[in-house]
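All heavy atoms count here, side chains included; hydrogens, waters and symmetry mates do not. We name chains A, B, ... by the order of the sequence lines, and we start the count at 1 in each one.
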Amino acid sequence: MITMHWADVIAKEVADTCDHPLIATGISPTGIIHVGSLREAITGESVRSAVEGLGKDVRLIYLIDSFDPLRKRYDFLPPEYEQYVGMPISRIPCPCGKHKNYAHHFVQPFLDAVDSLGVKCEIIWTHELYEEGKFAEAIDMTFKKRQQIIQILHEVSGKEANPDYAPYNPVCEKCGRFTHPIFDTYEFPYVEYQCTCGHHGKADVRKGDGKLTWRCEWPAKWMIFGTSAEPFGKDHAAAGGSYDTGKRVAAEIYGIKPPMPIPYEFVQLKGVGQMHKSLGCSVTGLDAINMTPPEVLNYLFLRVNPSKAIDYDSGLGILDMADEYDRMERLYFAGEHTEAEDNSVRAYEIAQHNHVPKQLPLQIPYRHLVNVAQMAPDFDCVLQVLDRTEDMSKATDEDMKRLERRVNCVRYWLNGFAPDMVKFMVYPTIPPGLELTMNDKIFFKELVNRMNDCNWDSKTISNIISETGKASPLGAKGAFKMIYSVLIGKTAGPRLGPFLASMDKLFVINRFVQAAS
RNA sequence: GGGCCUGUAGCUCAGCUAGGUAGAGCAUCUGACUUUUAAUCAGGUGGUCAAGGGUUCGAAUCCCUUCAGGCCCGCCA
């Protein structure tokens with residue numbers, strides 16, 4: 001039985017029905033970013049690359065709804081932002097002062113993330129489309145067929161028709177807020193308006209003087225770009241929702257074919273550590289980006305169908321996910337895997353967006369990185385530590401970049417989300433307050449004797465510890481505990497053999513000498 | 001009030017878009033190596049495919065009903 005990855009199924013249909021396919025996706029950067037927005041971008045890019053893989057010339061556009069109004073002063077905004085409510089976010093000042101405007105401020109981190117995920121899209125700012133007059137034709141049609149639109153909205157949503165419905169809202173040139181047009185005065189390209197601020201003015205639909213309301217704007221974008229397929233959250237997919245009205249507006253008002261819908265489920269953030277819950281914090285979209293390697297995040301969204309809800313696990317689950325990604329990578333390059341792994345291996349492949357590495361990249365087990373990151377203060381030290389146990393000579397530039405990204409993610413995770421169990425710190429001296437018995441000291445003395453001349457590798461070290469421990473009253477178990485105690489101040493930790501091997505031999509022996517005296 | 005999605009091993013999920021003996025990873029258990037600890041290898045346990053009915057020679061898969069969970073729309077008409 002041949003099974004297909006969901007992205008391939010969609011891609012095939014898109015390729016079969018469109019000559020010049022265009023995938024559209026977008027975001028409304030009115031406030032803080034959610035991981036779900038990343039799912040949308042990745043879903044779009046995956047379909048794009050899958051269509052490209054079928055030999056079609058395909059584009060992915062990323063529409064930033066920078067002309068949307070600020071709906072309310074969110075809690076995270078300073079009180080003075082009250083005055084900007086109702087204004088387009090492209091004309092509201094940046095809260096931090098470092099970006100061009102409000103929209104840039106909130107979308108920039110997200111664009112960086114999208115870029116790091118390898119999404120190849122054309123960024124389009126909606127406010128620029130309005131300023132360039134791209135919406136003029138659509139706006140003109142909505143004024144002329146306003147009654148028809150009202151009827152469609154009434155029929156599809158089942159709500160009572162609103163005779164005052166405005167498909168287009170001008171921006172008041174005086175106060176800068178969206179307001180209501182006077183329909184009778186419309187004559188292309190002008191419409192007059194009476195703003196609640198008292199100003200009476202005239203808007204030019206060919207300029208950034210106003211905007212279509214969402215339910216008419218969305219299909220207008222389909223018309224402008226000739227959209228073939230578009231992923232969107234289930235909120236738009238609900239019966240009577242904006243896709244339902246949009247497809248009729250598209251067909252009956254603008255006379256175009258609506259795009260193939262790709263509805264996706266939302267991402268939930270779960271598995272938040274106990275510590276965070278008690279502090280009342282939670283994981284934001286940016287947190288997820290910062291603590292998940294981009295290739296792994298890509299894979300996370302690709303391994304399941306868009307219709308599946310994803311619980312983002314910011315605890316130990318993130319380690320499993322990274323390990324699974326690496327495993328699929330190995331299977332892909334091995335060229336052999338079971339049928340059950342088909343889907344996941346293909347997910348790995350698609351996650352590369354048609355830029356699969358030529359050969360198996362350098363893989364350092366993610367869990368090991370968690371340990372190494374805690375032993376080394378910076379990336380150079382990480383490399384030094386890895387060099388003691390891994391052959392790093394064949395690492396390419398690409399390998400190094402990936403490694404550095406991963407170390408950064410691991411650190412971010414360790415700082416705020418990792419459970420205490422995996423955390424440790426190598427003390428610069430014997431942890432203060434640690435009391436050693438005579439037996440402990442004798443054990444360390446013997447340990448030093450045997451380690452002085454030994455080969456500094458994982459296996460030898462393990463052997464020595466085990467044997468010395470057994471010969472001592474501490475026993476093997478007690479020996480392990482004592483060593484953890486003098487190094488990291490805990491009674492358990494990473495496997496000792498590899499752990500000690502990745503540390504400097506002299507440093508370790510010196511510590512044991514201290515412990516023995 | 002309306003709608004969508006989900007329900008397969010302890011957990012995360014494949015398998016549903018070709019109807020044909022139920023799968024993977026993790027976890028757990030056992031054994032390699034005289035090294036029990038968060039980076040080894042090999043094997044094992046483990047599921048009434050939510051429930052019921054229907055179609056079929058044959059259903060996790062298609063149809064109907066029910067139950068459970070999650071979410072969305074009704075706040076931008």
Side-chain angles (χ1 to χ4, degrees), chain A residues 1-6 8-10 12-13 28 30 68-69 71-72 149-150 152-154 156-167 169 178 213-215 217 233-245 263-266 268 271 300 303-311 313 316-317 319-321 323-324 327-328 331 337-347 363-372 389-390 419 421-424 458-470 475-477 479-481 483-484 491-499 501-502:
Chain A
M1 179 159 44
I2 296 164
T3 61
M4 278 173 91
H5 189 273
W6 60 262
D8 292 322
V9 174
I10 295 170
K12 188 172 184 310
E13 191 167 335
S28 181
T30 43
D68 283 7
R71 297 198 196 291
K72 61 179 236 186
I149 294 171
I150 291 172
I152 290 172
L153 294 174
H154 166 65
V156 176
S157 71
K159 292 186 69 181
E160 219 166 297
N162 171 8
D164 287 332
Y165 174 73
N169 295 111
F178 283 104
T213 54
W214 167 242
R215 285 184 189 242
E217 183 182 88
K234 60 150 58 173
D235 50 340
H236 296 312
S242 49
Y243 183 77
D244 273 2
T245 52
Y264 61 87
E265 260 283 356
F266 287 166
Q268 294 153 67
L300 170 70
R303 67 196 279 274
V304 297
N305 281 296
S307 61
K308 283 256 196 188
I310 292 177
D311 284 345
D313 182 357
L316 258 16
L319 269 33
D320 287 337
M321 198 49 59
D323 282 345
E324 182 177 317
R327 196 175 139 262
M328 291 310 146
L331 289 178
H337 55 263
T338 67
E339 207 171 85
E341 289 157 337
D342 259 356
N343 188 71
S344 296
V345 173
R346 178 63 183 146
Q363 289 192 347
I364 308 289
Y366 203 75
R367 285 183 150 79
H368 185 43
L369 274 190
V370 171
N371 293 333
V372 174
T389 53
E390 310 277 338
M421 186 189 120
V422 302
K423 291 195 212 172
F424 65 86
S458 165
K459 198 157 190 171
T460 311
I461 293 169
S462 293
N463 277 329
I464 293 178
I465 293 171
S466 174
E467 285 165 19
T468 314
K470 279 182 182 168
K477 193 165 188 163
F480 278 97
K481 281 190 178 174
I483 295 175
Y484 286 122
T491 54
R495 287 180 89 101
L496 273 186
F499 182 49
S502 56

Results of side chain to side chain contact (heavy atoms under 4.5 Å, CB included) for A:Asp235 - residues two or more places apart only: A:Phe266
A:Ser466 side-chain N/O to A:Asn463 backbone N/O, donor-acceptor pair under 3.5 Å: no
Summary of protein contacts for nucleotides 22-35 of chain B, nucleotide by nucleotide, where a base hit scores B, a sugar-phosphate-only hit scores S (4.0 Å, heavy atoms): -SSSS--------B
Side chain to side chain contact (heavy atoms under 4.5 Å, CB included) partners of A:Asp244, counting only residues at least two apart: A:Val156, A:Ala239, A:Lys247
Rounded interatomic separation in angstrom, taking NE2 from A:His5 and P from B:C13: 14 Å
Length of the line joining A:Asp8:CG and B:A18:C1', which is rounded to integer Å: 17 Å
Intra- and inter-strand pairs of RNA chain B in dot-bracket (Watson-Crick or G-U wobble, both distances under 3.5 Å; | for another strand): ((((((((.[[[[.)....(..]]]].((((.........)))).....[[[[[..)....]]]]])))))))....
Nucleic acid footprint by protein, nucleotides 4-10 of chain B - heavy-atom cut-off 4.0 Å, B for base, S for sugar-phosphate alone: BSSS---
Nearest-Å distance for atom pair CD1/C1', residues A:Ile364 and B:A38: 17 Å
Whole-Å distance separating the OH atom of A:Tyr366 from the P atom of B:A39: 14 Å
Check: A:Tyr165 side chain, A:Ile150 main-chain N or O, donor-acceptor pair, under 3.5 Å: no
If you restrict it to nitrogen or oxygen atoms, what contacts under 3.5 Å exist between nucleotides 75-77 of chain B and the protein, and what is each distance?
{"unit_1": "B:C75", "atom_1": "OP2", "unit_2": "A:Lys159", "atom_2": "NZ", "d": "2.6"}
{"unit_1": "B:C76", "atom_1": "O2", "unit_2": "A:Arg71", "atom_2": "NH2", "d": "2.9"}
{"unit_1": "B:A77", "atom_1": "O2'", "unit_2": "A:Lys159", "atom_2": "NZ", "d": "3.3"}
{"unit_1": "B:A77", "atom_1": "N6", "unit_2": "A:Ile150", "atom_2": "O", "d": "2.4"}
{"unit_1": "B:A77", "atom_1": "N1", "unit_2": "A:Glu160", "atom_2": "O", "d": "3.4"}
{"unit_1": "B:A77", "atom_1": "N1", "unit_2": "A:Asn162", "atom_2": "N", "d": "3.3"}
{"unit_1": "B:A77", "atom_1": "N3", "unit_2": "A:Glu160", "atom_2": "O", "d": "3.0"}

